[in-house]
Amino acid sequence: AISDLLLVLAACPFTIAQVSSRYWPFPSILALCQLATFLPLLFSFASAFSICLIALDRHRLIVYTKNPRHKTTITSVSMFSVWISAFICAAPILPNTKLSIVPLSLNIYQLLGIKERA
C-alpha cells in the first residue's frame with residue numbers, strides 16, 4: 001500500500017507533466033530526469049513484490065494452520081527484502097537515462113508539426 005501511495009504522490013506528477021508537455025518541463029538536471037524514470041519503476045516493482053509476499057503469507061497461514069503466529073522480525077526482513085529487490089530491479093535505468101537537449105532547426109519543427117518552441 002505504501003508503494004502504491006508513493007507511486008501516486010511522487011511518480012505520477014512527473015509522468016503527467018512529461019506526457020502533457022511537448023518538451024522536458026523540468027530544469028535540465030540529470031538527477032531529476034533519472035528520478036522521473038526510476039521512481040515509477042521502483043514503486044511498481046515494490047508493489048508487485050509486496051503482492052507476492054502477501055500471497056506467500058496467506059499460503060503459509062492456510063497450509064500451516066497449527067502455527068499461525070507472525071514474527072515481527074520475519075515481517076520486517078521480508079518487507080526490507082521487497083524494497084531492496086525492487087531497487088535492484090529498477091536500478092539499471094539510472095545509468096542508462098540520459099538528458100540531452102538538442103536544438104532543432106526550424107525545418108524539423110515544421111516537419112513534426114510543433115507550433116511553439118521551448
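What you see is a predicted model, and the numbers here were worked out from it, not measured in a lab.
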*Where do Leu35 and Pro40 come nearest, in terms of heavy atoms and distance?*
O-CD, 4.1 Å
_Contacts of type side chain to side chain donor-acceptor pair (under 3.5 Å), residue Ser44, not counting sequence neighbours_ = none
*Flag the pair Gln34 / Pro95 as yes when at least one side-chain heavy-atom distance between them is below 4.5 Å, and no otherwise.*
no
*Please report the shortest heavy-atom distance between Ala90 and Ile93, naming the atom on each side.*
O-CG2, 3.1 Å
*From CH2 (Trp83) to CD1 (Ile2), nearest 0.5 Å*: 7.5 Å
*Would you say Cys89 and Phe49 make side-chain contact, with heavy atoms under 4.5 Å?*
yes
*Which heavy-atom pair separates Ile74 from Ser78 by the least distance, and what is that distance?*
O-OG, 2.7 Å
*Would you call Asp57 and Leu53 a side-chain contact if the rule is heavy atoms closer than 4.5 Å?*
no
*Can you check whether Phe43 and Phe38 have ring centres sitting under 6.0 Å from each other?*
no
*Please report the shortest heavy-atom distance between Ala86 and Ala46, naming the atom on each side.*
CB-N, 3.5 Å
*Spacing of CG belonging to Leu42 relative to CG belonging to Leu94, to within rounding of 0.5 Å*: 9.5 Å
*Got more than 12 heavy atoms from elsewhere within 6.0 Å of CG, Leu5?*
yes
*Return the set of residues passing side chain to side chain donor-acceptor pair (under 3.5 Å) with Thr37 (not counting sequence neighbours), or none when no residue passes.*
Thr97
